[in-house]
Amino acid sequence: MFGTKGGQGLFFEDFAVGQWWELPIPRTLTDGDRALYTALTGDRTPAYCGPSLVHPLAVFHTVFGQTVRVISLNAVANLGYARMKWGAPVEVGDTLTTRIDIVGLKENSSGASGIVWVDTVGRNQHGVEVIRFTRWVMVRKRSEAPTAYRNTPVIPDLPAWLTANELELPSTPLPTIAQTGSPLRWSDYTVGERIAHWDGMTVTEAEHMSFTRLFQNSAKVHFDARAMQGRPLVYGGVVISLAYALSFNGLENRVGIRAINGGTHANPVYAGDTLYAYTEVLDAAKLGGGVGALRLRMVVVKNREPWAGPFLEPQIADPRNPARSAHRSDVVLDLDYWDLVPT
Amino acid sequence: MFGTKGGQGLFFEDFAVGQWWELPIPRTLTDGDRALYTALTGDRTPAYCGPSLVHPLAVFHTVFGQTVRVISLNAVANLGYARMKWGAPVEVGDTLTTRIDIVGLKENSSGASGIVWVDTVGRNQHGVEVIRFTRWVMVRKRSEAPTAYRNTPVIPDLPAWLTANELELPSTPLPTIAQTGSPLRWSDYTVGERIAHWDGMTVTEAEHMSFTRLFQNSAKVHFDARAMQGRPLVYGGVVISLAYALSFNGLENRVGIRAINGGTHANPVYAGDTLYAYTEVLDAAKLGGGVGALRLRMVVVKNREPWAGPFLEPQIADPRNPARSAHRSDVVLDLDYWDLVPT
Amino acid sequence: MFGTKGGQGLFFEDFAVGQWWELPIPRTLTDGDRALYTALTGDRTPAYCGPSLVHPLAVFHTVFGQTVRVISLNAVANLGYARMKWGAPVEVGDTLTTRIDIVGLKENSSGASGIVWVDTVGRNQHGVEVIRFTRWVMVRKRSEAPTAYRNTPVIPDLPAWLTANELELPSTPLPTIAQTGSPLRWSDYTVGERIAHWDGMTVTEAEHMSFTRLFQNSAKVHFDARAMQGRPLVYGGVVISLAYALSFNGLENRVGIRAINGGTHANPVYAGDTLYAYTEVLDAAKLGGGVGALRLRMVVVKNREPWAGPFLEPQIADPRNPARSAHRSDVVLDLDYWDLVPT
């Protein structure tokens with residue numbers, strides 16, 4: 001009684017290594033998007049509170065959102081990111097489009113799902129690259145019948161991290177102390193130190209939905225409370241953006257996120273959860289142009305202040321397999337990224 | 001102890017056929033309004049995700065909102081729409097104003113309320129028509145004393161639908177397959193077919209209020225939870241916009257709604273309700289300029305997926321009067337409209 | 001295990017009379033901020049629904065927000081405002097920065113906190129003053145040890161009100177009756193009259209958080225539901241803006257708030273509270289340039305319509321000290337301000 005129009009998304013069987021899509025619905029980013037980004041995250045990084053520059057994470061969400069109808073409608077989980085790198089800055093009025101290439105496929109032994117590796121490139125209206133990354137996603141299968149990728153998986157060779165000299169140097173003015181309010185420069189950060197960001201942010205249902213819709217991400221798990229037994233899943237990008245906003249406190253002179261080496265959405269977040277974040281400095285490298293790079297591990301914890309009581313490592317022995325490690329049940333994001341700070 | 005300043009709105013007795021108002025508070029639509037429209041509805045129709053064009057339903061809400069202080073403050077229910085037709089496209093920076101004419105009045109036999117028919121015309125800053133429609137509303141009476149419109153009602157002669165050749169042809173570029181992601185053209189749609197839109201959207205209290213305020217609709221039933229026993233009524237326009245956004249899935253090459261032949265808000269929607277939508281193709285007409293028209297019936301159902309289980313007709317025999325038909329209690333909107341699709 | 005980076009805000013002991021800050025994070029106001037202001041408050045004052053002008057209360061929130069990291073992170077309560085005066089109008093694209101001077105300090109007899117008086121001046125990118133005010137805040141002490149300001153407090157001499165001739169006359173066009181929809185001019189208002197604004201507005205958690213974040217106010221009491229036992233405090237500025245929006249009904253020809261003589265956030269507001277407002281005319285003064293000033297007392301009541309039942313004075317004898325007066329427990333804001341209305 002209903003025809004075949006109206007997509008329900010692809011299943012694992014529908015993918016093949018080498019497929020690619022130039023994705024539809026070019027998205028122009030405006031001052032409206034910038035204001036909503038501020039209202040929904042509280043991000044105070046000065047470069048994105050002044051005129052014209054679009055927050056790099058808003059660029060990420062826009063490009064990610066454009067991939068959802070092809071990649072994520074039947075996703076079980078967004079497993080990870082690698083070699084994510086921002087390119088040209090995006091300004092108000094720029095229009096973004098996205099190309100994806102399927103670069104890896106591996107059917108799970110359960111036969112119920114498989115992992116899809118996707119190269120993703122976002123470009124502006126001049127064809128200039130603004131972001132590039134690989135992500136991998138667990139996608140449901142349509143049936144239990146095995147695919148060729150069960151016995152012959154294709155797994156891309158991904159770097160554990162990008163090196164600092166692969167980062168794009170800033171082409172926009174560096175933040176000044178007068179703008180940021182902090183005297184801390186690149187040389188004030190020490191590898192191994194941890195920074196508490198002190199504040200907490202409670203996720204509301206309306207705000208996570210508005211944020212997710214703003215970037216055209218239409219995966220129903222985020223919006224259909226009925227199908228989700230009253231608890232729509234918060235889009236992982238909301239968690240990244242809220243935590244990055246919280247982490248301004250202690251990283252005031254950052255230029256803006258330049259690369260993500262890897263990231264894990266370790267546990268789900270729902271409306272009502274309160275998020276706290278801290279950052280560990282993993283590495284530091286002096287670059288040209290008046291800036292140095294900091295490789296940072298941002299850990300986001302729900303419903304527990306990580307600085308209250310004894311420090312708890314985010315990863316513990318996996319209770320199901322003590323030889324492996326797993327994230328604690330209250331860790332929701334473990335993100336390894338590069339930012340730049342003036343020297 | 002309080003003076004007479006501060007309006008509480010008009011009652012049925014205050015209207016007369018032939019009255020008209022040039023309504024106050026001209027509203028300039030901007031990129032901010034466009035971003036909020038996207039965030040609050042998830043609409044992905046490509047023409048309104050690129051630069052500069054304002055969504056035709058945002059134009060409708062703006063003009064509707066301007067009528068609320070005169071027409072709707074003491075409304076019992078918004079009963080219907082007829083001959084709604086969009087004119088010149090609205091772009092960022094345009095400023096809209098609205099004129100209304102009272103064209104019909106009929107007091108109800110109860111003596112407690114009456115129906116007011118209102119012709120509504122929205123214009124841009126150049127005086128060019130951007131939308132025109134007739135709606136009718138049930139408005140409370142101030143007292144039980146009968147009016148002249150009890151025995152001598154004036155009921156305008158309204159067409160059941162507009163014909164396709166009354167539609168304004170698009171003056172802006174048509175969507176391309178690259179922009180929309182769908183190869184379906186006008187000729188791929190068949191009269192009688194039904195399209196499931198698959199996704200569901202849960203209405204949140206904050207979002208329906210923000211949407212309604214954005215368009216200056218200040219009817220207290222939408223905002224005063226205390227007066228509404230904890231359940232503010234969702235503005236019917238929220239339902240239209242959310243469902244139109246959902247219906248992109250299957251109608252990707254639509255140019256944008258061009259006319260509404262009729263519509264019924266069949267049952268109320270409250271925060272927490274999850275909306276699902278399907279569309280039935282009622283008619284099709286090839287027009288010039290590379291487009292064809294589709295007359296579509298969009299049915300919106302709350303808290304039940306219309307594609308799960310056997311198909312249920314939206315209208316059933318009225319339990320109070322089996323000779324008449326009435327909408328099922330979970331149908332919230334039944335909208336008959338024209339859209340355009342490239343041939 | 002966490003370093004010292006990441007601020008937790010200043011305590012009473014950290015302040016000294018004569019200190020000043022040029023505050024960081026210049027904020028450019030755009031059409032995005034204007035649209036959000038409309039969506040989150042419902043303000044319909046015509047000057048701010050047309051092109052380009054930013055609402056004076058949005059200017060206030062922007063400047064207030066810039067002071068939060070220095071002044072308010074350890075605040076117990078925002079006690080009052082004096083001599084607040086708007087200067088040059090702010091237009092889309094203007095960038096605001098703020099300077100504060102500590103002008104008074106008084107340690108409380110409890111030894112647990114003290115009062116900090118702060119002169120605040122907001123300027124645009126040309127250095128032109130857009131707002132100026134003094135506020136005082138109760139701030140926690142780090143320890144019980146007394147400070148010099150316990151026995152030798154410094155209390156600035158603040159005027160109980162600004163006189164009408166201190167107000168900045170409008171440099172932008174005055175509202176017309178066609179724009180406002182009301183024939184009421186300055187001479188139609190009488191000292192002593194009270195205006196009921198009739199409508200009610202329920203505060204939602206998502207909206208008060210979005211509003212507060214939009215203006216870079218990051219005080220955790222507004223956002224961390226866990227730390228606040230499930231009830232984040234609504235930023236007092238949300239109450240001012242919602243009530244000012246409600247008060248358009250009866251004050252349609254206002255030019256826009258020009259000065260605040262004083263104000264008290266008498267009781268806290270939480271999500272779920274419904275706000276009602278009425279206004280009393282305290283004074284009127286004819287000025288040049290086609291306008292007159294009205295000194296207005298806007299009283300905001302939660303969860304009770306002030307026009308239902310007998311009128312209740314907002315202040316009653318303090319139950320703890322009958323010789324003094326205190327606000328009723330349902331009065332949340334008592335604001336004394338000047339607005340302008342065309343003569």
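Chain identifiers are assigned alphabetically (A, B, ...) following the order of the sequence lines, protein sequences preceding nucleic acid strands; residue numbering begins at 1 within each chain.
Of the listed residues Ser52(B), Gly181(B), Ala196(B), Ala47(B), the one with more heavy-atom pairs under 4.5 angstrom with chain A than any other is Ala196(B). Counting heavy-atom pairs closer than 4.5 Å to chain B, the top-ranked of the candidates Pro26(A), Ala227(A), Gly3(A) is Pro26(A). In terms of heavy-atom pairs under 4.5 Å with chain B, the best-connected choice from Glu205(A), Met209(A), Gln8(A), Gln216(A) is Gln8(A). When each of Tyr37(B), Phe248(B), Tyr189(B) is scored by its heavy-atom pairs under 4.5 Å with chain A, the top score falls to Tyr189(B). Of the listed residues Ser218(A), Pro24(A), Ala219(A), Gly93(A), the one with more heavy-atom pairs under 4.5 angstrom with chain B than any other is Pro24(A). Ranked by heavy-atom pairs under 4.5 Å with chain A, the list Gly50(B), Pro46(B), Gly32(B) is led by Gly50(B). Of the residues considered (Arg34(A), Arg27(A), Glu207(A)), Arg27(A) shows the highest number of contacts with chain B, using heavy-atom pairs under 4.5 Å. Residue with the most contacts toward chain B among Thr4(A), Leu36(A), Thr95(A): Leu36(A) (heavy-atom pairs, distance under 4.5 Å). The candidate from Gly272(B), Ser182(B), Gly250(B) with the greatest count of non-hydrogen atom pairs under 4.5 Å with chain A is Gly250(B).
Although no hydrogens or angles enter the test, the distance criterion places no donor-acceptor pair under 3.5 Å between the side chain of Thr274(B) and the main chain of Asp224(A). At distances below 3.5 Å, not a single donor-acceptor pair connects side-chain atoms of Arg194(B) with backbone N or O atoms of Phe2(A). Thr204(B) contributes no side-chain N or O that, together with a main-chain N or O of Ala206(A), makes up a donor-acceptor pair within less than 3.5 Å.
Taken to the nearest 0.5 Å, the NZ atom of Lys5(A) stands 12.5 Å off from the CG atom of Asn249(B). With rounding to the nearest 0.5 angstrom, the SG atom of Cys49(B) is 12.0 Å from the CG atom of Leu96(A). The CG atom of Leu73(A) sits 7.0 Å away from atom CG of Asp199(B), with the distance rounded to the nearest 0.5 Å. Summarising the geometry, atom CG belonging to Leu53(B) is positioned 10.5 Å from atom OG1 belonging to Thr28(A); distances are rounded to the nearest 0.5 Å. With values rounded to the nearest 0.5 angstrom, Phe223(A) atom CZ is found 10.5 Å from Leu242(B) atom CG. Between Asp33(A) atom CG and Thr38(B) atom OG1 the span is 7.0 Å, to the nearest 0.5 Å.
Within a 6.0 Å radius of CZ in Arg231(B), no more than 12 heavy atoms belonging to other residues, nucleotides or ligands are found. Counting non-hydrogen atoms of neighbouring residues, nucleotides and ligands closer than 6.0 angstrom, the CZ atom of Arg185(B) exceeds 12 such neighbours.
When heavy atoms are compared at a cutoff of 4.5 Å, Pro310(B) approaches chain A solely by way of its backbone atoms N, CA, C and O. For chain A, the nearby parts of Ile195(B) are the backbone and the side chain; heavy atoms of each come within less than 4.5 Å. Both the backbone and the side chain of Gln179(B) come within contact range of chain A, judged by heavy atoms closer than 4.5 Å. Both the backbone and the side chain of Asn303(B) come within contact range of chain A, each with at least one heavy atom under 4.5 Å from a heavy atom of that chain. Residue contact with chain A, scored on non-hydrogen atoms closer than 4.5 Å, is absent for Ser210(B). Ala178(B) touches chain A through its backbone: at least one of N, CA, C or O sits under 4.5 Å from a heavy atom, while the side chain does not.
In this structure the side chain of Met201(B) never reaches within 4.5 angstrom of the side chain of Lys220(A), judged on heavy atoms. For the pair Thr41(B)/Arg213(A), no side-chain contact is recorded, criterion being any heavy-atom separation below 4.5 Å from C-beta on. By the 4.5 Å heavy-atom criterion applied to side chains, Met1(A) and Trp307(B) are not counted as neighbours.
Nearest heavy atoms, Ala35(B) versus Leu214(A): O-CD1, 3.6 Å.
A salt bridge does not link Glu252(B) with Arg69(A): every distance from a Lys NZ or Arg NE/NH1/NH2 to an Asp or Glu carboxylate oxygen is 4.0 Å or more.
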